[in-house]
Amino acid sequence: MPELPEVETVARGLNQLVAGDVIESVWLGSKPEPLKSPAREIVLTLERAQIGGVRRVGKHIVVDLLRAGAGKSKARNKPVDKAQWIVHLGMTGRILVCRAGDEKLKHTHAIASLRSGRELRFVDPRRFGRLSVSSEFAARGAEPLEVQLEAFVKLFRQRKTPIKSALLNQSLLSGVGNIYADEALSRAAIRPRRRASSLRREELRRLYLSLKEVLQEAIALGGSSVSDYVDANGDQGSFQLQHRVYGREGEPCLVCRTPIKRIMITGRSSHYCPHCQK
DNA sequence: ACTATGTCCTGCGAGC
DNA sequence: TGCTCGCAGGACATAG
């Protein structure tokens, strides 16, 4: 499940592979397309655009596009038109860099053919992913790796919802998903069911630091490959080997040997050590 | 404004 | 073996 570290890893890899290349044509699969923008708008925006770079915003992959202005512009006409291709991988979405002749996988929903002879293919069995185009894409929530402590504290002070749910709320923080919410709470020694508003300042400070730490460590290891996540080169991440609670129900806590518990919090499985986390 | 719940979608593993 | 069932979960719609 691509969260911030996985999306960061994919975006960096894609940037290495395709920055500077040019999208020559676009194919969109039929029927229920996973599109947030109208299909024709996506095609018009992507075709003939040069890829300026690929980066991450929250859990979104942002492909910065450079498009020559229509026709031979007079000087005052916008010479280069900025746009972005936004890809959200959802649960099972992948972007593959292929050769044009490569076999097309089932659940391929979009293909962008590049001048280099390669193709960018969007494949997503579960169809939770989304494609769109934008001219000024911005995430609603704060970037966890950039937010300051004071702003972080403010996000949670008044919330009555469980801290686990608040961490997953993308309009507060962008990029935190189920794995890293559980792992950050584990490192901060806070139970996921605690009301956000019940956390003392010191606890919020621990959570703030733990979240940054776990995200940075995960990025360094290329993310967590739990089900089928792989990066832009098809390689697995290795941070799943560092998980302290996620996916370890019944296994001993690495600190105190107490079995890790799994509970449901607003429909999301949540893992924690009942002894270490208060 | 905030919170909780249901829905989407396919693959896979548990259980019988 | 083959079947059903429930779960995986990010984001959004809807209801309270």
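In what follows, chains are A, B, ... by sequence order, proteins preceding strands, each numbered from 1.
Rounded to whole Å, atom P of dT3(B) lies 9 Å from atom CG of N169(A). Distance L172(A) CG to dA1(B) P: 14 Å, rounded to the nearest Å. Distance CD1 (I263(A)) to P (dA8(C)): 13 Å, rounded to an integer number of Å. At whole-Å resolution of the value, CD1 in I86(A) and C1' in dA11(C) are 16 Å apart. Remark: P of dC9(B) and NE2 of H109(A) are 11 Å apart, rounded to the nearest angstrom. For the pair L131(A) CG and dG10(C) P, the computed distance is 18 Å after rounding to whole Å. Straight-line distance from the CG atom of L155(A) to the C1' atom of dC2(B): 15 Å, rounded to whole Å. The interatomic distance linking R268(A) (CZ) with dT7(B) (P) rounds to 14 Å, in whole Å.
Other residues, nucleotides and ligands contribute more than 12 heavy atoms inside 6.0 Å of the CD atom of E41(A).
For the pair T108(A)/W27(A), a side-chain contact is recorded, criterion being any heavy-atom separation below 4.5 Å from C-beta on.
The phosphate of dC2(B) (OP1 or OP2) has no side-chain N or O of R195(A) nearer than 4.0 angstrom. One finds a side-chain N or O of T161(A) lying less than 4.0 angstrom from the OP1 or OP2 phosphate oxygen of dA4(B). Distances shown here put a side-chain N or O of K59(A) below 4.0 Å from the OP1 or OP2 atom of dA11(C). Taking only side-chain nitrogens and oxygens, R140(A) comes nearer than 4.0 Å to OP1 or OP2 of dC12(C).
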Write down the protein N/O and nucleotide N/O pairs, taken from nucleotides 11-13 of chain B, whose separation is under 3.5 Å; answer none if there are no such pairs.
| residue | atom | partner | partner atom | Å |
| --- | --- | --- | --- | --- |
| dG11(B) | OP1 | H107(A) | NE2 | 2.9 |

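Annotation for R248(A) and P252(A): closest pair NH2-O, 2.8 Å, computed over non-hydrogen atoms.
Note that OH of Y208(A) and CZ of R201(A) are 10.5 Å apart. Values are rounded to the nearest 0.5 Å.
In terms of position along DNA chain C, the nucleotide closest to G267(A) lies nearer the 5' end than the nucleotide closest to the other residue of the pair G267(A) and H60(A).
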Donor-acceptor pairs under 3.5 angstrom involving side-chain atoms of residues 254-265 of chain A: please list them, not counting sequence neighbours.
| residue | atom | partner | partner atom | Å |
| --- | --- | --- | --- | --- |
| R262(A) | NE | E249(A) | OE1 | 3.2 |

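As judged by a 4.0 angstrom heavy-atom cut-off over every strand, S165(A) is placed among residues making no nucleic acid contact.
Proximity note for R127(A) (side chain, C-beta onward) versus dC9(B), dG10(C), dA4(B): the nearest is dC9(B). In this structure, of dT3(B), dG10(C), dA4(B), it is dG10(C) that holds the atom nearest to the side chain of H88(A).
The aromatic rings of H88(A) and H60(A) lie perpendicular to each other, with more than 60° between the two planes, well past the 30° mark.
Of the charged side-chain nitrogens involved, none lies within less than 4.0 Å of a carboxylate oxygen, so that E150(A) and K154(A) do not count as a salt-bridged pair. Using a 4.0 Å cut-off between a side-chain N of Lys or Arg and a carboxylate O of Asp or Glu, E119(A) and R121(A) qualify as a salt bridge.
In terms of modelled atom types and a separation under 3.5 Å, the side chain of D182(A) and the main chain of Y246(A) share no donor-acceptor contact. The closest donor-acceptor contact from the side chain of S134(A) to the backbone of S132(A) lies at 3.5 Å or more, if one exists at all.
Each end of the helix from dC2(B)-dG16(C) to dC16(B)-dG2(C) gets its own axis from five base pairs, and the two axes differ in direction by 50°, given to 10 degrees.
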